[in-house]
Amino acid sequence: RVLDAEGNVLVPGIVDCHIHNREPGLEYKEDWESATRAAAAGGVTTVVGMPNTDPVIDRPEHLELKFERGEASAHVDFQSYAVVTSENLDLIPAIDETGALGFKIFLGSTVGDVPPPNDGEILEAMERIGKTGKRLGFHEENGEIIDHYTKRFTAEGRNEPIDHSHSRPVIAEREAVERMITFAEETDAKIHMFHVSSGSAAEAVARGKDRGVDVTAETTPHYLWFTEDVMREKGNVARVQPPIRDAEERATLWDVGIDQDTIDCIATDHAPHTPAEKKVDDPFGNTWDAISGFVGLETEVPAMLTFVDQGRLTLEEWVRRHSTRPAQVWGMYPQKGSLQVGTDADFTIVDPDREWTLADRTELHSKNCVTPFEGETFTGKAIATVVRGDIVAEDGAVVGESGYGTRVDID
Ligand code: NCD
Ligand code: ZN
Ligand code: ZN
């Protein structure tokens, strides 16, 4: 097969190190097959699954199950994190041996039943993970601060989607980032901040890097694209944790995060939920029990290419953060994140000039496709996705086989 790439741009395969593929256990939302189908269609050649599944990925057997399911049905290559709780510190070496890409701690309450470890346990986890050579990433929000504001706002009878967002304020994120950086400074751990949403948190990461801490950071297209006004326009559909911030925080995220190069990685935080869970029929009602998260695998490349078209960053700066750096941060480079010339390369061909609108979310390939990007217009699209030399998607249609995707072996 010969691909006609004339007028288009060939880049190393896009690597998304933050997706919720929901398998095992939450297949009514998404599974490996549907998540990686969306990845292929969106131009993404490698994905890394989050551990807040059912069961949670907190021991070798659960990780093995997650890998087996992926081998059976994935369209693109994949990996998985394991979660650290107060209950599984002893299992860290065995989880490492089983081949987890890295570890994750959820500091605040999030989707799924994963209670955060206490500070002593976090320090212990950093020391133990340090011995494995792997990196520990954080859902970087302080749950006690969130609880405080949530109680206050509900007592005041507030019930707007924007209130729900403000109950997870920037201080909850900034404080968590600063504290984990201090812990890493003490333990010499390699740490990572997932889904940095605010300029204030990006500034905290920059201060940590200046102090010589091995802290890397990620942001998502939605924090760079939207401001909290999207909550007023689209309601709970746009609810996500951490929440989408105000214009000033977004401006600082661009300035410190992207222009000053504090943010290492772009990822989606692809987090599918059913339309009912997302309250699409009543997006401004019952704010306090609306669920957080939305899909992103098919809008991340278009959103970033739109920023390139707007001159917000260069094509090279985008590719570095969406392919090379994520692969390096998580130990997959140069297997992933590089254009090795040969027959087994991963690459994505993009049309940087294609203008299109996501008119209807059902055009997307996930099982559940609710996203605030519905209705948005992009300049740029992936037109071919190639994993280890085989075309897995062409012009938005998935042409590869389920089960072709394989676990990225990092040892
Ligand atoms: C994620 C989910 O649905 O699993 N939701 C979200 O709003 N980001 C959880 C998470 O990433 O913390
Ligand atoms: Zn999270
Ligand atoms: Zn997430």
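In listed order, ligands and their atoms are each counted from 1.
For Lys104 and Phe194, the positive end sits near the middle of the six-membered ring, less than 6.0 Å away and at most 45° from its axis.
Closest heavy-atom approach to atom 2 (C) of ligand 1 within the set Met50, His18, Arg22: this belongs to Arg22.
Taking the six-membered ring where the residue is Trp, Phe373 and Phe226 present tilted rings, their angle falling between 30° and 60°.
Of the protein's heavy atoms, Thr110 OG1, 3.1 Å lies nearest to atom 9 (C) of ligand 1. Annotation: atom 5 (N) of ligand 1 to nearest protein heavy atom, Ser292 O, 3.3 Å. Regarding atom 11 (O) of ligand 1, its nearest protein heavy-atom neighbour is His20 NE2, 3.0 Å. Atom 8 (N) of ligand 1 has Asp269 OD2, 2.8 Å as its closest protein atom, hydrogens excluded (heavy atom only).
Taking 2.8 Å as the criterion, His195 counts as a coordinating residue of the Zn ion (ligand 2), since one of its N, O or S atoms falls below it.
Here the two rings, on Trp32 and His75, have centers that are 6.0 Å apart or farther. Checked against a 6.0 Å centroid threshold, the rings of Phe106 and Phe138 do not count as neighbours. Separation of the His18 and His195 ring centroids falls under the 6.0 Å cut-off.
Between Lys131 and Asp96 there is no salt bridge, since none of the side-chain N atoms of the basic residue sits less than 4.0 Å from a carboxylate O of the acidic one.
Close contacts between ligand 1 and His195 involve ligand atoms 11 (O), 12 (O) [criterion: under 4.0 Å to a heavy atom]. Less than 4.0 angstrom separates some heavy atom of Gln241 from each of these atoms of ligand 1: 6 (C), 7 (O), 8 (N). The ligand atoms of ligand 1 that sit less than 4.0 angstrom from a heavy atom of Val240 are 7 (O), 8 (N). Each of the following atoms of ligand 1 lies closer than 4.0 Å to a heavy atom of His273: 3 (O).
Within His139, the N, O or S atom lying nearest to the Zn ion (ligand 2) carries the name ND1. The name of the N, O or S atom in Asp269 nearest to the Zn ion (ligand 3) is OD1.
His62 places a side-chain N or O within 3.5 Å of a backbone atom of Val56 that can act as its donor or acceptor partner.
Considering all non-hydrogen atoms of both residues, Asp264 and Lys209 come closest at OD2-NZ, 2.8 Å.
The distance criterion of under 3.5 Å between nitrogen or oxygen atoms is not met by Lys104 with respect to ligand 1. Checked by distance only, ligand 1 and Val111 stay at 3.5 Å or farther apart across all their nitrogen or oxygen atoms.
Using a non-hydrogen distance threshold of 4.0 Å, Arg239 does not register as a contact of ligand 1.
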Checklist entry - Could you walk me through whether Trp254 and Tyr223 pass the ring pair (Phe, Tyr, Trp, His ring centres under 6.0 Å) check? => result CA-CA 9 Å; Trp254 269 104; Tyr223 300 124; over 10 Å; no
